[in-house]
Amino acid sequence: MSESKDELSAADWRRTHTCGELRSERVGCKVTLNGWVDSRRDHGGIYFVDLRDRYGVTQVVLREEIADSIKLGPEYVLSVRGEVAARGESNRNEGLPTGDVELIAERVEVLSTSEVPPFEVLDDLDTAIETRLRYRYVDLRRGPLQRNLAHRSRFINAMRRAFEDEGFLEIETPILTRATPEGARDYLVPSRVHPGNFYALPQSPQIFKQILMVAGYDRYFQVARCFRDEDLRADRQPEFTQLDMEMSFVEEEDVWAVWERVLAHTFRESMDVEVTVPFARMRYAEAMERFGSDKPDRRFGMELVCVGEWAASSEFGVFRDTIAGGGRVMGLVVSGGAELSRKQIEALEVLAKDYGARGLAWWKPADDGGAGPLARFMNGDGAPLMEQMGATEGDLCVFVADRAAIVQRSLGELRVHLGRSRGLVGETSWEFLWVTHFPLFERDEESGGWTSSHHPFTAPEDWNLGGEGADLSSLASRSYDLVLNGWELGSGSVRIHRSDVQQRVFELLGITPAEQELKFGFLLEALAHGAPPHAGFAVGLDRIVALSLGLENLRDTLPFPKTTSAADLMCAAPSRVSAEQLGDVHIELDAAARAASDAAGAEA
RNA sequence: GGGGAUGUAGCUCAAUUGGUUAGAGUGCCGGCCUGUCACGCCGGAGGUUGCGGGUUCAAGUCCCGUCAUCCUCGCCA
């Protein structure tokens with residue numbers, strides 16, 4: 001180095017530019033860059049270093065005397081002072097935005113050294129997620145993740161601005177709150193000052209935002225962290241973020257209109273994408289009947305076809321008996337599916353059975369009766385069923401006979417599977433869909449009682465709940481989901497703002513007046529103190545951000561995601577705690593927990 | 001809670017029917033090289049085959065158990 005160590009440390013090491021911004025206009029300027037050593041190329045008399053930060057990469061040239069004076073390793077953090085030089089025609093790097101210039105180093109300071117990283121910081125690296133999560137700070141230096149997180153920031157900020165412009169107030173609600181009796185398992189936090197009592201982390205700010213409506217904050221929104229202690233999936237994390245909102249003195253259409261404006265603004269601002277507004281709308285019952293799903297992917301057809309009439313009069317006993325027993329028989333046409341082998345069709349049957357179907361009947365249609373197990377019930381004439389299915393020779397028809405819910409579910413899942421595997425799903429499009437009028441209640445298979453399809457605060461379509469002795473399964477709710485390309489992005493509803501109706505719904509859900517008082521007393525009380533009609537909605541930000549990036553797994557849009565077993569591999573959470581800490585919160589482990597905790601401790 | 005897949009060098013993977021000293025690419029370290037840009041060339045280090053047990057003359061390979069990761073059914077008001 002040309003200067004002594006003392007002069008160096010006295011000198012200002014701070015950057016004048018980022019590693020992504022130098023262009024030809026700066027040739028001749030003295031600049032300072034800060035960044036990480038991305039790659040090194042030692043040519044003996046001349047030494048190249050690519051210096052990286054989240055803005056880009058700039059080539060730094062170290063002449064022999066500087067290169068010989070320092071030791072550089074991968075991911076070292078440097079401050080480089082020097083002059084910007086033109087690269088010249090033959091030396092330009094077309095692949096780099098800064099490729100027309102380079103920095104001729106005059107002074108290099110190592111701000112920080114680095115262990116050899118566990119994997120290389122490359123855009124297209126194929127490292128096991130386990131290793132990436134363990135060393136997330138290295139993984140997060142990679143371009144795709146930096147771009148994803150930057151996109152997420154822009155997306156959320158655009159949404160925030162849109163809500164502010166609509167007159168909404170951003171209001172925070174508690175993270176330490178009380179356990180709810182229904183819904184997902186709560187994450188619990190033991191109280192030190194209230195022995196034997198626990199806070200719960202919120203599954204959503206639902207009750208708080210309703211109480212804000214009662215309090216007169218008629219337009220609320222929040223970027224809210226939510227927690228649910230349930231098993232995970234690629235599209236599900238134990239803690240996740242919602243863009244949550246609620247409005248007073250409105251009905252469904254008002255909520256939808258706000259969201260249509262907000263999302264149009266958000267996609268325009270953050271992605272330069274124009275989305276079609278207003279969004280399409282479809283009732284739940286229609287979605288189930290046509291697509292076998294409450295979140296239909298409408299990018300391809302292959303809709304379910306009801307063949308109940310044909311089945312009722314067919315000679316196939318299973319079909320006939322199903323119809324006679326009040327069930328349904330429906331089918332799908334797999335275009336060009338006649339090419340599928342028996343083995344491939346059996347794989348489809350396995351899939352259908354995963355979702356409750358008892359079997360999958362199939363038929364390769366033709367005028368003469370076609371082929372497959374159903375062919376012998378055609379009496380040599382396939383035309384009538386072909387016409388009803390809208391099938392032609394060369395297609396494959398598959399059928400499920402069962403209770404309506406099972407028929408729709410299994411064929412709906414089959415449809416999505418076939419749509420993907422047969423390449424029917426086109427490019428990602430931005431055709432949003434409101435699915436409306438979900439059932440108010442569902443049967444709980446285990447207890448035989450009733451549960452809310454959405455949540456117990458959802459308004460019924462009929463404030464009288466159908467009167468005394470009504471068939472609860474037939475009641476529709478004023479809830480709605482927002483769906484995009486087969487993904488549920490969010491859900492909401494008009495709420496119950498009448499204390500008496502809320503109590504009646506609790507009662508139908510089997511919550512006794514004593515329980516209501518104990519667990520929801522504060523809400524019922526609030527509703528009895530002047531509650532305006534209100535409605536709201538929340539989207540899963542992780543999902544919509546992932547989808548807007550074309551990703552199906554949430555992990556690449558989150559800085560510190562957890563594993564399928566809800567562990568953080570970087571900081572090794574959850575962990576055991578000292579006996580003293582447990583004592584503080586009045587917790588004693590049982591024998592099984594002690595053993596598991598000791599085993600985990602021994603491994604670590 | 002159930003089902004499936006995976007686990008070998010820092011990383012990504014290979015290793016025939018159970019058979020010699022577990023290999024390759026990449027990264028790392030050293031040497032050479034004045035225009036590279038995923039530089040190149042030469043050399044080197046690097047292994048509890050996830051862990052525990054079993055079968056066998058012999059186990060990365062077969063069996064049992066266990067742990068971790070991923071996908072998934074249930075679950076997720």
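Throughout, protein chains are lettered first and strands after them, A, B, ... in sequence-line order, and every chain is numbered starting at 1.
- If you take atom C1' in B:C73 and the same atom in B:C13, they sit 32 Å apart, rounded to whole Å.
- Rounded to whole Å, the separation between the C1' atoms of B:A77 and B:C62 comes to 49 Å.
- Relative orientation of the A:Phe520 and A:Phe506 rings is parallel, given thresholds of 30° and 60° on the angle between their planes.
- Residue A:Ser565 is in sugar-phosphate contact alone, with no base atom involved, counting any heavy-atom pair closer than 4.0 Å across all strands shown.
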Nucleotide N/O of nucleotides 22-24 of chain B paired with protein N/O under 3.5 Å:
none

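- In this model, a side-chain donor or acceptor of A:Arg87 finds a partner on the base of B:C37 within 3.5 Å.
- Under the stacking criterion of a centre-to-centre distance below 5.5 angstrom and an interplanar angle below 30°, A:Phe48 sits stacked against the six-membered ring of B:U36.
- Judged as a side chain to side chain contact (heavy atoms under 4.5 Å, CB included), and not counting sequence neighbours, the contacts of A:Gln344 are A:Leu340, A:Ser341.
- Atom CG of A:Leu411 is separated from atom OH of A:Tyr355 by 13.0 Å, given to the nearest 0.5 angstrom.
- Contact of A:Gln59 with B:U36 (side chain to base): a donor-acceptor pair of N or O atoms is detected under 3.5 Å.
- If you check B:C33 for Watson-Crick or wobble pairing at under 3.5 angstrom, you find it has no partner at all.
- A distance of about 24 Å separates the P atoms of B:A59 and B:U66, rounded to the whole Å.
- B:C76 is unpaired under the Watson-Crick or G-U wobble criterion, no partner having all donor-acceptor distances under 3.5 Å.
- Within the 3.5 Å criterion, the main-chain N or O of A:Val483 finds no donor-acceptor partner in the side chain of A:Asp481.
- With a cut-off of 3.5 Å on both pairing distances, B:U55 has no Watson-Crick or G-U wobble partner at all.
- One finds the CD1 atom of A:Ile66 at 11.0 Å from the CD1 atom of A:Ile46 (value rounded to the nearest 0.5 Å).
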Please list, one pair per line, the donor and acceptor atoms closer than 3.5 Å that link side chains of residues 91-99 of chain A to other protein atoms, with sequence neighbours excluded.
from: A:Arg92; atom 1: NE; to: A:Asp100; atom 2: OD1; distance (Å): 2.9
from: A:Arg92; atom 1: NH1; to: A:Glu89; atom 2: OE1; distance (Å): 3.2
from: A:Arg92; atom 1: NH1; to: A:Glu89; atom 2: OE2; distance (Å): 2.9
from: A:Arg92; atom 1: NH2; to: A:Glu94; atom 2: OE2; distance (Å): 3.4
from: A:Asn93; atom 1: OD1; to: A:Gly95; atom 2: N; distance (Å): 2.9
from: A:Thr98; atom 1: OG1; to: A:Val57; atom 2: O; distance (Å): 2.5

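- Nucleotides B:U56 and B:G19 are separated by 12 Å at their C1' atoms, to the nearest Å.
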- Nucleotide by nucleotide, nucleotides 4-9 of chain B touches protein heavy atoms under 4.0 Å in the pattern (B base, S sugar-phosphate only, - none) ------
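- Look at CG on A:Asp124: it is 14 Å from P on B:U12, rounded to the nearest Å.
- Across A:Arg495, A:Met247, A:Lys209, a single residue satisfies side-chain contact (heavy atoms from CB on, under 4.5 Å) together with A:His534, and that is A:Arg495.
- One side chain, A:Asp244 or A:Tyr220, offers a donor N or O that lies under 3.5 Å from an acceptor on the other.
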- Task: Check the pair A:Arg236, A:Glu230 against salt bridge (Lys or Arg N to Asp or Glu O under 4.0 Å), reporting the backbone distance first and the verdict last.
- Result: CA-CA 9 Å; A:Arg236 230 194 271 162; A:Glu230 294 291 346; over 6 Å; no
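- Rounded to a whole Å, the NZ atom of A:Lys353 is 18 Å from the P atom of B:G3.
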Identify the pairs formed between an N or O of the protein and an N or O of nucleotides 25-28 of chain B at a distance under 3.5 Å, and give each distance.
from: B:U26; atom 1: O2'; to: A:Glu120; atom 2: OE2; distance (Å): 3.3
from: B:C28; atom 1: OP1; to: A:Arg40; atom 2: NH2; distance (Å): 3.0

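- When distances are taken from the side chain of A:Thr131 to each of B:C11, B:C70, B:U36, the shortest belongs to B:C11.
- At a threshold of 4.0 angstrom between heavy atoms, the contacts of A:Asp126 are confined to the sugar-phosphate backbone, with no base atom among them.
- Counting only distance, with no hydrogens or angles, the side chain of A:Lys519 and the backbone of A:Thr180 share no donor-acceptor pair below 3.5 Å.
- Between A:Arg555 and B:C70 there is a side-chain polar atom (N or O) within less than 4.0 angstrom of OP1 or OP2.
- Under the Watson-Crick or G-U wobble criterion, with both distances below 3.5 Å, B:C13 is paired with B:G23.
- A:Arg358 pairs by the side chain to side chain contact (heavy atoms under 4.5 Å, CB included) definition with A:Asp402, not counting sequence neighbours.
- When both distances must be under 3.5 Å, the Watson-Crick or G-U wobble mate of B:G60 does not exist.
- Within the structure, every side-chain polar atom (N or O) of A:Arg41 is placed at least 4.0 Å from both OP1 and OP2 of B:U36.
- For the atom pair SG of A:Cys19 and OH of A:Tyr55, the computed distance is 10.0 Å after rounding to the nearest 0.5 Å.
- Under the Watson-Crick and G-U wobble criteria, each requiring two contacts below 3.5 Å, nucleotide B:U6 is paired to B:A68.
- Contact check, A:Ser39 against B:C39: a side-chain N or O comes under 4.0 Å of OP1 or OP2.
- As rounded to the nearest Å, B:G10 and B:U72 have C1' atoms that lie 32 Å from one another.
- B:G1 and B:A9 have their P atoms separated by 30 Å, with the value rounded to a whole Å.
- Taking the six-membered ring where the residue is Trp, A:Tyr135 and A:Tyr137 present perpendicular rings, their angle passing 60° and hence far from 30°.
- Checking side-chain atoms of A:Gln502 against main-chain N and O of A:Pro456 turns up a donor-acceptor pair under 3.5 Å.
- Within the structure, the side chain to side chain donor-acceptor pair (under 3.5 Å) test picks out the following pairs touching residues 403-415 of chain A (sequence neighbours left out): A:Glu289-A:Gln408.
- Annotation: side chain to side chain contact (heavy atoms under 4.5 Å, CB included) contacts of A:Pro174 (sequence neighbours excluded): A:Phe208.
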- Can you give one letter per nucleotide of nucleotides 72-77 of chain B, going 5' to 3': B for a protein heavy atom under 4.0 Å from the base, S for sugar-phosphate only, - for none? SBBBBB
Pairs: protein N or O with nucleotides 30-33 of chain B N or O, under 3.5 Å:
from: B:C33; atom 1: N3; to: A:Asp42; atom 2: O; distance (Å): 2.8
from: B:C33; atom 1: N4; to: A:Asp42; atom 2: O; distance (Å): 3.0
from: B:C33; atom 1: N4; to: A:Asp42; atom 2: OD1; distance (Å): 3.2
from: B:C33; atom 1: N4; to: A:Asp42; atom 2: OD2; distance (Å): 3.3
from: B:C33; atom 1: N4; to: A:Gly44; atom 2: N; distance (Å): 3.4

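- A residue-by-residue look at A:Phe119 and A:Val61 shows that A:Phe119 has its nearest nucleotide of RNA chain B further toward the 5' end.
- Distances shown here put every side-chain N or O of A:Thr127 at or beyond 4.0 Å from the OP1 or OP2 atom of B:U12.
- The side chain of A:Asn553 contributes no N or O atom lying less than 4.0 Å from OP1 or OP2 of B:C70.
- Taking A:Thr451 as the reference, A:Glu442, A:Asp444 meet the side chain to side chain contact (heavy atoms under 4.5 Å, CB included) condition, with sequence neighbours excluded.
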Identify all side-chain donor-acceptor contacts of residues 561-571 of chain A below 3.5 Å with residues at least two apart in sequence or on another chain.
from: A:Lys562; atom 1: NZ; to: A:Glu239; atom 2: OE2; distance (Å): 2.8
from: A:Thr563; atom 1: OG1; to: A:Ser565; atom 2: N; distance (Å): 3.3
from: A:Thr563; atom 1: OG1; to: A:Ser565; atom 2: OG; distance (Å): 3.2
from: A:Thr563; atom 1: OG1; to: A:Ala567; atom 2: N; distance (Å): 3.2
from: A:Asp568; atom 1: OD1; to: A:Met570; atom 2: N; distance (Å): 2.9
from: A:Asp568; atom 1: OD1; to: A:Cys571; atom 2: N; distance (Å): 3.2

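- Under the 3.5 Å distance criterion, the side-chain polar atoms of A:Arg136 are matched with a main-chain donor or acceptor of A:Pro559.
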